[in-house]
Structures are given as structure tokens and as C-alpha cells.
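Heads up: the structure comes next, in C-alpha cells.
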Amino acid sequence: SQQGEEDPQALSIQEGENATMNCSYKTSINNLQWYRQNSGRGLVHLILIRSNEREKHSGRLRVTLDTSKKSSSLLITASRAADTASYFCATVATSGTYKYIFGTGTRLKVLA
Amino acid sequence: SAVISQKPSRDICQRGTSLTIQCQVDSQVTMMFWYRQQPGQSLTLIATANQGSEATYESGFVIDKFPISRPNLTFSTLTVSNMSPEDSSIYLCSAPSGETQYFGPGTRLLVL
């Protein structure tokens, strides 16, 4: 399977704490993207990091990418109850298609 | 960005029947994608819907089971044919905009 792996599969933290999720993938990539999915609904795009970038920030989100290890991490700082969701990484092969390969996802629960 | 809508948002169907899911994009796009998300799982690409040509199916998915139409650059349908309980999933369509894919809200299907 080409699917990437994410860990942890589930994460439960207190409001205000930071949450870190990791994603590993198998093939060379053009970019890697993180999505959020609330309770089985559609996916919301969070952030994109290109293969020549190592770190990117967007608000309370910080994404890192290590192409030598084929891994990425998503850090959510000062978490809120509204951050409770499933988070998926998605990679696009360097062949330049739009065919996304999704990771297995991390279910984050932020307790108020 | 792209705004994508899907109909129906959810449905409960009897085994052996078929359901057609509609996907509408607010701008013209060359490619649209259909994904399946089985309960508690990640997303799996079913097929790429190309305007003016046959859809391209991923391994494990066939046209007889998941026929796709793409009559114009803003619309596509996915039919789930001869349904069984194993087809109970969320079905999502997506379309690219720039380097990113945007997703519809999904269609939650339960087959009894």
C-alpha cells in the first residue's frame, strides 16, 4: 500500500496544551499537505509545505518536513476544544499528478 | 480556492439499489476526484473524473460498480451500484485549485 502512516492514531490533551502529530510517507513527493476533518465531514485544507521547504507556520500551526526521513510533523499550539478533529497528511508524488495519498490520520481530542 | 457542494449529504439505502451522488464546483476545473472513506478509516481514491473522456479508476475500483459522469467542467456524478452493506462509507469529491485540492462536505451513505 502506498498509504502513509500517522502517529499517534489518537491523542487526547487538555485545552491550552500543544498537540504534535507525525506523518511518514513512502515515495518522493512534490509537496505535503495537512487537512482537518470534523466528525466525518469534508476535509478542510490547513497548510501546504513544498519538498524544498523545511518548516512553515500558519497561525497556531507549525509544520516541518524532513524529506530524508520521509516524514512531517504538525504542531498545534495552545489547543482549543474546537481543534477536536481528525488530522490527515496527504502527499502528491513528484510525477506531478493531483492524485493524493492520504495518511491514516490522527484523531485529536481536546478536553475543555 | 474552490467551493464544492455535494448532494445528497446523507442517505440510507437498501442493498441491491443504486445511489447517484452529485458534485458541483464553483469554478471550471479540468480534473475532479472521487474518494471513499470507510468508517474510522482514511481516504482512498476511487477515480479521476476527466471532462470529455472516460474516468480513470484506481486499483480495486471498477466502472460497473462506480460509474462516473463528467458532463462539463464544473459537475460530476458518482453512482454506487448494486449496493451492499460494505459500501457504507463517506464519499467525497474534490477538485484542485493551484497546488491544493479542495473537498466537498461528503455524502454519508448507509446501506442496510
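Reminder, nothing fancy here: chain letters follow the sequence lines and each chain counts from 1.
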**OP:** Count the heavy atoms belonging to other residues, nucleotides or ligands that lie under 6.0 Å from CD of A:Gln9, then report whether that count exceeds 12.
**Re:** no

Subject >> More than 12 heavy atoms from other groups under 6.0 Å of CD on B:Glu54 >> reply: no

Original post:
What distance do B:Ser42 atom OG and A:Glu6 atom CD have between them, rounded to the nearest 0.5 Å?
Top reply: 7.0 Å

**OP:** Anything in residues 92-99 of chain B with a heavy-atom distance to chain A below 4.5 Å? Please list those residues in order.
**Re:** B:Leu92, B:Pro96, B:Gly98, B:Glu99

**OP:** Would you mind telling me which of B:Ile90, B:Thr100, B:Thr107 has the largest number of heavy-atom pairs within less than 4.5 Å of chain A?
**Re:** B:Thr100

**OP:** Answer with side chain, backbone, both or neither: which region of A:Gln37 has an atom nearer than 4.5 Å to a non-hydrogen atom of chain B?
**Re:** side chain

Subject >> Contact origin within B:Gln41 toward chain A - heavy atom pairs under 4.5 Å >> reply: backbone

Original post:
Is the A:Tyr100-B:Tyr35 ring centre distance short of 6.0 angstrom?
Top reply: no

Subject >> Whether over 12 other heavy atoms sit under 6.0 Å from A:Arg54 CZ >> reply: yes

Subject >> Rounded distance (nearest 0.5 Å) linking atom OG1 of B:Thr44 with atom CD1 of A:Ile101 >> reply: 11.0 Å

Subject >> Joint hydrophobic cluster, A:Ile47 plus A:Leu108, side-chain heavy atoms closer than 4.5 Å >> reply: yes

Subject >> Reported OG1-to-NZ distance for the pair B:Thr48 and A:Lys99, which is rounded to 0.5 angstrom >> reply: 6.0 Å

Original post:
Out of curiosity, does A:Tyr87 fall in the hydrophobic cluster containing A:Ile29 (side-chain heavy atoms, cut-off under 4.5 Å, transitive links)?
Top reply: yes

Subject >> ILVMFWY network linking B:Tyr91 to B:Met83, side-chain heavy atoms under 4.5 angstrom >> reply: yes

**OP:** Determine, using the 4.5 Å side-chain heavy-atom cutoff (strictly less than), whether B:Ile21 and B:Ile46 are members of one ILVMFWY cluster.
**Re:** yes

**OP:** Against chain B, work out which of A:His45, A:Arg41, A:Arg107 has the most heavy-atom pairs shorter than 4.5 Å and name it.
**Re:** A:His45

Original post:
Are more than 12 heavy atoms from other residues, nucleotides or ligands located less than 6.0 Å from atom CZ of A:Arg60?
Top reply: yes

**OP:** Taking all heavy atoms of B:Gln101 and all of A:Tyr35, pick out the closest pair and write down the distance.
**Re:** O-OH, 2.7 Å

Original post:
According to the interplanar angle, ranging from 0 to 90°, do the rings of A:Phe102 and B:Phe103 count as parallel (below 30°), tilted (30 to 60°) or perpendicular (above 60°)?
Top reply: perpendicular

Original post:
Would you say B:Phe75 and B:Leu19 are hydrophobically clustered, going by side-chain heavy atoms of ILVMFWY under 4.5 Å?
Top reply: no

Subject >> Contacting region of A:Leu48 [heavy-atom separation from chain B under 4.5 Å] >> reply: side chain

**OP:** Output the residues of residues 56-69 of chain B for which the shortest heavy-atom distance to chain A is under 4.5 Å, in residue-number order; output 'none' if no such residue exists.
**Re:** B:Glu58

